[in-house]
Each structure stands twice: as structure tokens, then as C-alpha cells.
Amino acid sequence: MGVLIAPSLLSADFAALGKDIAAVERGGADLLHVDVMDGHFVPNLSIGPPVVRAIHRVATIPLDVHLMLDNPDDYLTAFIDAGASRITVHVEVLPHLHRTLQVLRNAGIKAGVAINPSTPVAALEEIAADVDQVLLMSVNPGFGGQTFIPRSESKIRAVRALLDAAGNDAPVSVDGGVDHSNAHRIVAAGAGILIAGQAIFGSGDAERATRELRAQVDGAHDLRTRVDRPHDLREQVDGEGPAG
Ligand code: DX5
Ligand code: ZN
């Protein structure tokens, strides 16, 4: 136990979001990952605050909102008001990242920072003590269903080590190409949150795919917990959103 499963709604049926959300909740999902894209930072468009608000109305687990925007600062309040529990912004677009994280934390939101595959882990050095989660992109952001970039595995270890050195037990969240074949290794490398879109919603049975992913990583995490990670991340989610 301990690793969080966050199905990415990007691969859900947008005409039946409520049904798909209920399915992954029954399967034991811990968070709902919501991808927001602006057509600038990434070459795709997705959804905005009104849809996040609608998701929040039906969800019983917290919303983990991933902002793939050139100007996330302009939209923080809108996504906080829409019901986000966690908001992740990209280091690549924020010269005043420390301030952005403070805004989120002051609003009671868990503050996440994301890095793209080409962004060095060192970009997180100065804020490693100030984040509630680090999202490591294991594909280039913009689309679901891409293949996990193998080098990401060593990056997970490096981010975990950086956070540990900063005395921060915030989880490393891994986003892109996570599936039932590689989840075990991703968790063994130090991931605390697994985001999965296509592996869950492309499977034909989202409830079952969530449950299977959960079972798989629980085994991997049990091994690692005995060695060096004594706490349970799932306890942290209890009591967190979706805020009223
Ligand atoms: C990609 C998004 C991901 C995406 C992952 O830009 O950030 O959350 O939905 O999808 P899969 O798991 O299909 O790679
Ligand atoms: Zn994402």
C-alpha cells in the first residue's frame, strides 16, 4: 500500500465522464488526474475550468489538475474555485515559480511542479523543499497513449534523491506511458503517484484496469516500504477534497 493511482481523464469518454469517473473510483483510484492544455505550451487543446467544476461535482476523490499552459498564473484562481485539490505547474514557463507555489499553498492547494523530458532535474534544485509533489513527464506532454521514455526511470531516482536531500517526502508523480507492464519498475524507482490514461481508459474496463494497476504497485511498494519509505501516501489523501 502507499502508492497513489491517478487515472488521467484525458483518455476517458468525454461524453460520459461521470460514468468513467465512477468506474475508476470503484476500482480504487486515489486521485483524478485532469489535463489542461492551451494549444501553446503543448500542441493540443483540452478542457478548462467549467469542465473541471463539473467533474468536481460528481467526483468523490480529489482532483489533481495538471496545467500545461504558457501562463498558468493567470488561471490558478479559476482552477482553485473549480475544485482542484492539487495543482501542478510546469517549471519551464515560470520565472517566479517560488511565488506561484506560495499562491497555491496559501490557498490550501497541494502545489506540484512538473518537468518535461528535456528539462534537467537540476531545474528543481532551489524549490525542492517547497513542493508538495513533483510531476515527472515520461513522454512529451500534449497527448495520451504515447510510449514511456526509458531514460525517465533514472530521472525518477534523481528527483526522489533530490527531494530526500531537501528533507521533503513529497511524492514523485509519473505521467506518460505508464501501464501494467512498467508500473512495477516505475514504483521501484521511487514513484509515489502513477498517472495512467490509455492503460486505464483504453482497456475497455476502466474499473478492472485500475484495480489491477493498484494490485501490481502495492506489491512493488511493499518491497520498497520495508527498505526506505515507511509512511503511507494514501493516508495523506484522506480528508483532502474534493472540497465542497
Ligand atoms: C500528457 C498528459 C498525461 C496523459 C497520459 O500530456 O499529461 O496525463 O493523459 O496519458 P497516457 O497514460 O495515455 O500516456
Ligand atoms: Zn498529465
Side-chain angles (χ1 to χ4, degrees), residues 1-8 10-11 24 27-35 61-62 64-66 85-86 88 90-91 110-117 119-121 123-124 128 131-141 144 146-166 168-200 209-237 240:
M1 295 285 277
V3 172
L4 305 182
I5 304 292
S8 168
L10 191 64
S11 289
V24 296
D30 300 288
L31 301 167
L32 291 172
H33 186 78
V34 183
D35 290 300
I61 56 177
D64 178 43
V65 176
H66 178 190
S85 289
R86 302 174 176 227
T88 294
H90 271 263
V91 67
K110 284 202 189 299
V113 174
I115 57 170
N116 282 335
T119 302
V121 171
L124 300 169
V131 293
D132 297 311
Q133 59 188 33
V134 170
L135 187 155
L136 195 126
M137 283 304 317
S138 40
V139 299
N140 288 292
Q146 302 181 78
T147 304
F148 184 86
I149 298 171
R151 186 172 158 66
S152 312
E153 207 177 307
S154 60
K155 259 180 118 178
I156 297 168
R157 291 181 209 280
V159 174
R160 184 65 267 156
L162 179 69
L163 290 168
D164 287 346
N168 190 348
D169 65 3
V172 180
S173 172
V174 179
D175 191 5
V178 176
D179 61 27
H180 297 75
S181 74
N182 59 20
H184 193 271
R185 281 175 42 211
I186 292 169
V187 170
I193 303 176
L194 292 187
I195 297 162
Q198 202 53 32
I200 287 179
T210 306
R211 189 169 293 123
E212 286 178 358
L213 199 57
R214 146 114 293 128
Q216 218 165 23
V217 302
D218 283 351
H221 190 265
D222 284 346
L223 280 178
R224 189 158 55 95
T225 300
R226 279 201 292 275
V227 185
D228 61 358
R229 305 222 61 78
H231 64 283
D232 189 339
L233 285 170
R234 295 192 83 196
E235 282 168 13
Q236 294 177 16
V237 178
E240 182 183 323

Could you check Val178 against Ile186 for side chain to side chain contact (heavy atoms under 4.5 Å, CB included), going step by step and ending with a plain yes or no?
CA-CA 8 Å; Val178 176; Ile186 292 169; 4.0 Å; yes
Have a look at Val113 and tell me which of Leu135, Val91, Asp132, Val159 forms a side-chain contact (heavy atoms from CB on, under 4.5 Å) with it.
Val91
State, to 0.1 Å, how close Gln198 and Ser11 come at their nearest heavy-atom pair, and which atoms those are.
OE1-OG, 3.1 Å
Note: Glu240 and Leu31 closest approach over all heavy atoms is OE2-CD2, 4.3 Å
Could you pull out the closest heavy-atom pair between Ser8 and Ile195, with the gap in Å?
CB-CG2, 3.9 Å
Once you measure the plane-to-plane angle for His90 and His66, does it fall in the parallel (<30°), tilted (30-60°) or perpendicular (>60°) bin?
parallel
Heavy-atom closest pair (Thr119 atom, Lys155 atom, distance to 0.1 Å) is O-NZ, 2.8 Å
Looking at every non-hydrogen atom in both residues, tell me the closest pair between Val237 and Pro62 and how far apart they are.
CG1-CG, 3.7 Å
Under 3.5 Å side-chain donor-acceptor pair for Ser138 and Asp175
no
Pair Leu136, Ile115 - check side chain to side chain contact (heavy atoms under 4.5 Å, CB included), show working.
CA-CA 5 Å; Leu136 195 126; Ile115 57 170; 4.3 Å; yes
Testing the basics here: between Val174 and Ala191, what is the closest heavy-atom pair and its distance to 0.1 Å?
CG2-CB, 3.6 Å
Gln133 side chain to Ser173 main-chain N or O, any donor-acceptor pair under 3.5 Å?
no
Between the side chain of Asp179 and the main-chain N/O of Asn182, is any donor-acceptor distance below 3.5 Å?
yes
Can any side-chain N or O of Arg214 pair as donor or acceptor with the backbone N or O of Val3 at less than 3.5 Å?
yes
Electrostatic pair Lys110-Asp64, nearest N-O below 4.0 angstrom
no
Rounded to the nearest 0.5 Å, what separation is found between the CD1 atom of Ile5 and the CG atom of Leu213?
4.0 Å
Side-chain donor/acceptor of His180 to backbone N/O of Ala209, under 3.5 Å
yes
